[in-house]
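Every chain is numbered from 1 and lettered A, B, ... according to where its sequence line falls, protein lines coming before strand lines.
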Protein chains: 2
Amino acid sequence: MSERRGLTPEAVTDAAIDIVESEGAAALTLSRVARALGVKPPSLYSHVDGLEALRRDVAMRTFEDLAGRLGHAAMGRSGPEAIRALAGAMRDFAREHPGLYGMTTRARPDDEQYAAASMRPVEPMLAVLRGYDVAGDDAIHAARTFRAAVHGFVTLENDGGFGLDVGVDESFTWLVDHLIASLEARLAGATRGN
Amino acid sequence: MSERRGLTPEAVTDAAIDIVESEGAAALTLSRVARALGVKPPSLYSHVDGLEALRRDVAMRTFEDLAGRLGHAAMGRSGPEAIRALAGAMRDFAREHPGLYGMTTRARPDDEQYAAASMRPVEPMLAVLRGYDVAGDDAIHAARTFRAAVHGFVTLENDGGFGLDVGVDESFTWLVDHLIASLEARLAGATRGN
DNA sequence: GGAGGATGACTAATGCTATTAGGATACTGC
DNA sequence: GCAGTATCCTAATAGCATTAGTCATCCTCC
């Protein structure tokens with residue numbers, strides 16, 4: 001026995017992602033991944049450093065994917081149009097990949113690589129805001145507000161937090177429009193206290 | 001053996017809450033709860049319908065607590081002051097009880113009691129918006145936006161999503177101020193397209 | 001106050017999970 | 001062709017949830 005499969009760390013992560021996509025984040029176990037790859041659980045330890053590391057890898061890949069989608073959405077756009085595109089892309093991603101999206105919300109202190117990866121999806125947003133000509137601190141506050149609002153929205157939506165799904169699209173449009181309006185007011189009013 | 005402890009479903013939930021508070025949501029296991037209560041794991045099944053039901057009970061209690069805090073914060077206030085108080089109370093709760101707060105974000109389809117409980121913290125917000133004189137659909141959109149923004153913010157904050165903690169208080173103030181400004185603009189401008 | 005039923009604890013057992021240790025086999029480089 | 005390494009395996013340990021079945025204890029009713 002022990003017919004050698006051509007496993008690699010990437011293939012293991014691929015399988016893990018498939019499982020999260022089709023069965024949800026809770027279904028991601030090493031046993032489940034091993035079964036999907038036609039291998040026994042202990043064999044995975046040649047490629048991955050345990051379940052926790054595998055979860056991390058999935059999250060890292062998700063950051064890359066999401067960053068790519070957001071970068072693409074922002075490309076060639078600016079101002080309100082760019083913001084709308086970013087918000088829409090973020091929501092689309094979360095709805096298409098709820099399991100993966102959920103795996104990205106998790107602190108991993110002392111993991112700099114992870115911290116850096118988690119910031120990659122934020123970059124397109126910062127780029128757009130830079131084009132908006134918002135000053136230093138305000139850019140940070142604006143980015144955090146945008147991110148929090150959109151993240152909160154799609155999280156609640158994914159978790160069924162809005163009760164009946166009536167008018168959720170409109171609510172999202174409302175939210176994004178108000179973010180944009182806020183930014184433009186800030187832009188016009190220069191600096192205001194507090 | 002089998003000295004009878006005075007266990008009740010409430011006591012079991014209490015113990016579970018203590019564990020979540022002190023060790024995080026991931027540490028909530030039936031074994032851990034049983035140990036804390038000086039009992040063997042199977043004994044818990046006389047009081048609770050398994051781990052999943054216990055998680056549900058913890059979430060239900062948390063909804064009550066949070067609703068109470070929010071109701072208290074909104075009491076005797078209105079307008080921007082009320083919104084600021086609600087947002088602050090929500091953030092404070094999430095920071096004081098990160099484990100519990102995290103357990104409330106989870107869909108449980110086909111559980112009407114849970115759905116009802118999950119809506120209780122939203123009520124103070126709706127009450128405040130009602131005082132704001134925002135019309136039907138707008139009230140819903142505004143409530144969702146407010147909830148999403150604050151929820152997203154405290155979630156990201158709890159998960160360390162903001163990188164260094166510099167200026168997070170200011171960012172939160174910024175976010176709340178903009179929500180309020182949006183509402184007041186909407187109030188003044190009556191109806192606008194889109 | 002004592003009998004009897006309900007309740008709540010237990011032990012034993014099953015089956016899932018992650019993880020480590022140690023052995024065998026296929027591939028790779030020389 | 002052979003040595004070394006990488007990748008698979010089996011075996012084992014340990015922790016988890018959960019069910020079944022047992023027995024003591026408490027409460028109630030007479």
Side-chain angles (χ1 to χ4, degrees), chain A residues 1-61 99 102-103 106-108 110-111 114, chain B residues 1-61 99 102-103 106-108 110-111 114:
Chain A
M1 276 107 232
S2 65
E3 281 298 307
R4 197 170 269 209
R5 320 298 283 220
L7 285 194
T8 63
E10 289 71 33
V12 175
T13 307
D14 286 346
I17 289 174
D18 283 351
I19 291 165
V20 172
E21 292 263 47
S22 57
E23 303 168 38
L28 179 60
T29 67
L30 289 182
S31 290
R32 185 74 196 69
V33 173
R35 213 175 309 140
L37 291 168
V39 129
K40 302 292 175 183
S43 307
L44 296 177
Y45 285 82
S46 299
H47 308 284
V48 166
D49 211 22
L51 176 62
E52 204 42 51
L54 182 58
R55 290 207 185 106
R56 191 198 95 119
D57 292 343
V58 170
M60 296 275 280
R61 283 267 286 272
M103 295 200 64
R106 169 85 177 282
R108 290 174 207 267
D110 313 328
D111 185 341
Y114 184 85
Chain B
M1 277 109 232
S2 66
E3 282 296 307
R4 198 170 267 213
R5 321 298 282 222
L7 284 194
T8 63
E10 290 70 33
V12 175
T13 308
D14 286 346
I17 289 175
D18 282 351
I19 290 165
V20 172
E21 292 263 48
S22 57
E23 302 169 38
L28 180 58
T29 66
L30 289 183
S31 290
R32 185 72 195 71
V33 172
R35 213 175 309 140
L37 292 168
V39 130
K40 303 290 176 184
S43 306
L44 296 176
Y45 285 83
S46 299
H47 307 284
V48 167
D49 211 22
L51 177 62
E52 204 41 50
L54 181 57
R55 290 207 186 105
R56 190 198 96 119
D57 292 344
V58 170
M60 296 275 281
R61 283 266 286 272
M103 295 201 63
R106 168 87 177 281
R108 289 174 207 267
D110 315 329
D111 185 341
Y114 185 85

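- Remark: C1' of C:dA18 and CG of A:Leu44 are 11 Å apart, rounded to the nearest angstrom.
- What separates CZ of A:Arg35 from P of C:dA18 is a distance of 9 Å, to the nearest Å.
- Put simply, A:Ser31 has a side-chain N or O that comes within less than 4.0 Å of OP1 or OP2 on C:dA18.
- For the pair A:Thr13 and A:Ile17, the minimum side-chain heavy-atom distance is below 4.5 Å.
- Looking at the side chain of A:Ser46, the nearest of the listed nucleotides D:dC8, C:dA9, D:dC16 is D:dC8.
- For the atom pair B:Leu28 CG and B:Ile19 CD1, the distance stands at 6.0 Å (nearest 0.5 Å).
- Among the heavy atoms of the strands, none lies under 4.0 Å from A:Arg32.
- As a whole-Å value, the separation of A:Leu30 CG from C:dA18 P is 5 Å.
- Between atom CG of residue B:Asp49 and atom CG of residue B:Leu44 there is a gap of 12.0 Å, rounded to the nearest 0.5 Å.
- B:Glu52 has a carboxylate O that lies under 4.0 Å from a charged side-chain N of B:Arg108, or vice versa, which qualifies the two as a salt bridge.
- Closest to the side chain of A:Leu51, out of D:dA17, C:dA18, C:dT25, is C:dA18.
- Among the nucleotides D:dT10, D:dA24, C:dA18, the one closest to the side chain of A:Lys40 is D:dT10.
- Residue B:Arg55 is out of contact with every strand shown, counting any heavy-atom pair closer than 4.0 Å.
- Of the side-chain N and O atoms in B:Ser43, one or more sit less than 4.0 angstrom from OP1 or OP2 of C:dC10.
- A distance of 14.5 Å separates NZ of B:Lys40 from CG of B:Leu30, quoted to the nearest 0.5 Å.
- Between B:Tyr45 atom OH and D:dG21 atom P there is a gap of 17 Å when expressed in whole angstrom units.
- In the set D:dA6, C:dT19, D:dC26, the nucleotide with an atom closest to the side chain of A:Arg4 is D:dA6.
- The NE2-P distance, from B:His47 to C:dC10, rounds to 10 Å in whole Å.
- For B:Pro42, whose side chain is taken as the heavy atoms from C-beta onward, the closest listed nucleotide among C:dT11, C:dT17, D:dC9 is C:dT11.
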